[in-house]
Amino acid sequence: MKKQTFLYALVILAFNCAENKKEVATTPKYVEESHSYAKPNEAVIKHLDLEIDVDFKTQIIDGEATFTIENHNASEIVLDTKFLDIISTKSNDKEVSFKLGTFDKQLGQALSIPISEDTKQVTIQYKTTANSEALQWLSPQQTADKTHPFLFTQGQAILTRSWIPIQDSPQIRITYNAKVVVPKELMAVMSAENPKEKTADGIYNFTMKQPISPYLIALAIGDLEYKPVSNRTGVYAEKSMIDKAQAEFIDMEKMVVAAENLYGNYDWDQFDVIVLPPSFPFGGMENPRLTFATPTVIAGDKSLTSLIAHELAHSWSGNLVTNATWDDFWLNEGFTVYFEIRIMEALYGKDRANMIALIGRQDLEEEVESFKDDPNMTKLKLDLSDKNPDDGMNSIAYDKGYLFLRTLEEKVGREKFDAFLKNYFKTNAFSTVTTEGFVDYLNSNLLEPNNITFNVNEWIYEPGIPDNQSIIVSNKFDDAKTFLKVFLETKSVDTSTTNDWTTQEWVHFIRNFPETITTYDLKRLDDAFNFTNATNSHIAMVWYEQAIRHDYHGNGVDQKIEDFLIRVGRRWYVSTLFKAYKKADKVDEALAIYKKSRPNYHSVTVNTIDELLGYKNQ
């Protein structure tokens with residue numbers, strides 16, 4: 001090579017390296033999203049030191065949040081707040097002025113704090129207000145033991161900003177320490193390393209050493225006790241519930257082992273569950289190390305514990321590998337339903353797993369029908385701009401996501417699919433993934449290496465359910481339908497044949513009542529099986545739905561429905577029954593009950609039912 005040519009080549013190489021370096025440097029780490037004011041590519045939080053004093057008399061949290069930040073030459077850092085009273089802000093321990101943006105009904109307000117090149121920390125003094133949506137303050141009468149008040153938080157999707165000023169985006173992962181001061185007679189627990197007994201002074205210190213998304217920061221305070229199930233699993237509950245909870249969740253360690261056998265080590269050290277008061281708006285919430293659970297899951301026979309398997313599965317899909325934005329929510333929930341059903345199959349057999357999957361498939365059918373005027377909402381990858389991310393938290397993400405993965409598993413084979421998923425969780429551990437990132441990973445690591453063609457884009461980016469969907473069957477469900485047919489056609493049937501039915505069989509049985517069923521036959525069924533007084537919450541809910549739909553009033557069912565709606569705040573159950581009232585043109589009846597039950601509901605449930613019934617709070 002001539003000297004001039006060599007020098008020219010060096011210049012070109014240097015130029016290309018500079019261009020490549022420039023490209024890498026300017027490639028944003030965080031994607032644009034519509035549900036946070038934060039600008040993490042300019043300045044981002046990395047660690048939170050939180051000190052809060054919880055006052056049950058005023059129902060206010062007085063807090064100081066100190067963030068360790070990563071600054072990319074920004075002049076300000078922007079956080080999310082909603083219904084918070086911001087008192088003061090500091091940059092590197094020096095007080096600075098702050099700016100609050102225009103209030104948005106869904107997003108709240110942007111909090112802008114000036115920073116300089118050498119800013120490593122920002123500190124915010126603040127108080128919560130009566131409108132802080134994440135918080136539900138409960139009087140003693142609203143708890144199980146009815147002796148002490150209770151407080152719990154619910155951060156998903158974008159409510160953490162209403163009790164901590166924070167960059168409230170799932171793609172921003174942080175570690176945290178917290179000091180929480182509560183009344184001495186109460187115990188505080190968080191999604192972190194937790195105490196097993198009360199302290200003498202009501203002061204609790206917490207550490208979450210693994211980076212998590214802000215929606216997973218969670219707090220519960222009450223008159224709690226703890227009982228272990230194994231050396232890494234256990235339950236928190238009020239005294240009157242603790243033995244029932246431990247007995248119901250006795251298979252927790254088996255579930256963890258089954259999950260690890262499928263997709264690798266459990267990376268959160270401890271897996272505990274806290275049973276909250278019945279106003280908790282979800283079945284469960286997968287807060288790391290401490291799943292929040294509704295008491296409606298305690299049936300006395302472990303028949304509803306697939307919910308615990310679901311929240312455990314989130315320790316991989318959701319907590320370990322997280323959807324980058326709420327448009328990608330199916331990546332959290334579709335994977336988790338798939339994983340949940342695999343855990344249930346490993347512990348209780350394929351029949352039980354398929355029954356759970358079929359119940360979900362029926363839910364999916366109803367959800368698709370409900371979106372017939374807005375079919376874009378039946379896509380897995382959503383566009384939730386200008387919408388509340390809660391709008392995407394439905395059976396599409398859960399059950400269409402599951403059906404996609406199940407169909408994919410059947411196409412490629414379980415052995416290859418399991419190896420793929422295990423590697424997916426390991427490769428992307430403690431990070432966030434977009435739908436597009438997952439599709440690239442799927443193509444590169446499963447489909448292309450195995451020369452497999454699959455309609456991925458149709459499943460993810462198109463509405464409805466593709467024709468190549470997996471067909472889920474259950475002989476036990478077929479038997480339940482046959483039993484129903486015989487029962488309705490004859491005057492008497494040997495009901496002893498149902499003695500060993502699971503919850504799923506009963507739910508399928510009740511859901512499949514014909515539209516033409518008479519109140520006479522409903523009374524016969526009620527007399528035979530005592531559905532109106534069912535202690536299993538899922539069976540009660542589907543029975544009450546049928547009673548509303550078919551104008552059945554026997555055996556005091558109307559009062560039972562009202563009592564159920566006043567006592568239980570689980571949004572799925574509550575919305576199902578109020579939808580049934582609305583569909584049956586009984587909105588006035590529904591509103592009369594809702595006026596009584598509304599004060600017992602968390603804001604998540606209130607917002608849904610307010611919109612459903614057109615309720616305007618006076």
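Throughout, numbering of the chain's residues begins at 1 and tracks the sequence. Computation of the quantities below employed the complete heavy-atom set of this structure, encompassing side-chain atoms and omitting hydrogens, waters and symmetry-equivalent molecules. All figures in this text were calculated on a predicted structure; none of them were measured in a lab.
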Side chain proximity check, [X] to [Y], heavy atoms < 4.5 angstrom:
| X | Y | answer |
| --- | --- | --- |
| P228 | V235 | no |
| Q504 | H538 | no |
| L403 | I472 | yes |
| K387 | M377 | yes |
| H508 | M355 | no |
| S279 | Q136 | yes |
| D390 | M393 | yes |
| I359 | R511 | yes |

Taking only Lys NZ, Arg NE, NH1 and NH2, and the carboxylate oxygens of Asp or Glu, determine whether [X] and [Y] approach each other closer than 4.0 Å.
| X | Y | value |
| --- | --- | --- |
| D478 | K481 | no |
| E248 | K302 | no |
| R289 | D269 | yes |
| R406 | E410 | yes |
| E345 | R414 | yes |
| R232 | E260 | yes |
| D328 | K381 | yes |

For [X] and [Y], which heavy atoms make the closest approach, and how far apart are they?
| X | Y | result |
| --- | --- | --- |
| L219 | M190 | CD1-CG, 3.7 Å |
| V273 | M252 | CG2-CE, 3.9 Å |
| P170 | A324 | CG-O, 3.3 Å |
| G569 | T605 | O-OG1, 3.0 Å |
| A580 | R549 | CB-CG, 4.4 Å |
| T378 | I396 | O-CG2, 3.6 Å |

Report yes or no: does [X] contribute a side-chain atom to a donor-acceptor pair with the main-chain N or O of [Y] at less than 3.5 Å?
| X | Y | result |
| --- | --- | --- |
| T207 | K209 | no |
| S395 | L364 | yes |
| S230 | E253 | no |
| N41 | Y30 | yes |
| T160 | D168 | no |
| T434 | G437 | yes |
| S317 | A313 | yes |
| D272 | G234 | yes |
| N499 | S496 | yes |
| T305 | F249 | no |

Can you list the steps and then say if F420 with V412 is a side-chain contact (heavy atoms from CB on, under 4.5 Å)? CA-CA 10 Å; F420 164 77; V412 305; over 6 Å; no
Tell me whether [X] at atom [atom1] has more than 12 heavy atoms from other residues, nucleotides or ligands lying less than 6.0 Å away.
| X | atom1 | value |
| --- | --- | --- |
| N376 | CG | yes |
| K46 | NZ | yes |
| N451 | CG | no |
| D386 | CG | no |

Mind telling me whether [Y] and [X] have parallel, tilted or perpendicular rings, with 30° and 60° as the class edges?
| X | Y | value |
| --- | --- | --- |
| F280 | F282 | perpendicular |
| Y338 | Y402 | tilted |
| W330 | F404 | perpendicular |
| Y424 | F438 | perpendicular |
| W459 | F454 | parallel |
| F487 | F529 | tilted |

Cation-pi geometry met for R352 and Y348 (6.0 Å, 45°): yes
Taking the six-membered ring of Y573 as reference, does the NZ or CZ atom of R570 fall below 6.0 Å from its centre and within a 45° cone about the axis? yes
Check against side-chain contact (heavy atoms from CB on, under 4.5 Å), D267 and S315: CA-CA 8 Å; D267 284 331; S315 302; over 6 Å; no
Show the numbers, then the answer: is there a side-chain hydrogen bond (donor to acceptor under 3.5 Å, both in side chains) between N423 and Y263? CA-CA 8 Å; N423 193 54; Y263 300 129; over 6 Å; no
Test W316 against F271 for ring-ring contact (aromatic ring centres under 6.0 Å, His included), laying out the working first. CA-CA 12 Å; W316 285 261; F271 179 65; 9.0 Å; no
Verify the distance criterion only: is there a donor paired with an acceptor across the side chains of [X] and [Y] at less than 3.5 Å?
| X | Y | value |
| --- | --- | --- |
| S303 | T503 | yes |
| E333 | H314 | yes |
| S36 | E33 | no |

Please assess L565 against Y601 for the test side-chain contact (heavy atoms from CB on, under 4.5 Å), listing each intermediate value before the final yes or no. CA-CA 10 Å; L565 286 168; Y601 295 163; 3.9 Å; yes
Report the C-alpha distance between R173 and T322 in whole Å, list the side-chain angles of each, state the deciding distance to 0.1 Å, and finish with yes or no for side-chain hydrogen bond (donor to acceptor under 3.5 Å, both in side chains). CA-CA 9 Å; R173 302 182 74 112; T322 309; 2.8 Å; yes
From F578, Y544, W543, residue fulfilling ring pair (Phe, Tyr, Trp, His ring centres under 6.0 Å) relative to F564: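 Only one option passes, and that is Y544.
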Verdict with supporting geometry, L312 and T291, side-chain contact (heavy atoms from CB on, under 4.5 Å): CA-CA 8 Å; L312 169 63; T291 283; over 6 Å; no
Report the C-alpha separation of K254 and D251 in whole Å, then their side-chain angles, then the decisive distance to 0.1 Å, and conclude whether the salt bridge (Lys or Arg N to Asp or Glu O under 4.0 Å) test is met. CA-CA 5 Å; K254 293 178 183 177; D251 289 342; 3.8 Å; yes
Indicate, with yes or no, if the rings of H602 and F152 have centres closer together than 6.0 Å. yes
Q156 side, atom CD; I217 side, atom CD1 - distance, nearest 0.5 Å: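 Between Q156 CD and I217 CD1, I get 13.5 Å after rounding to 0.5 Å.
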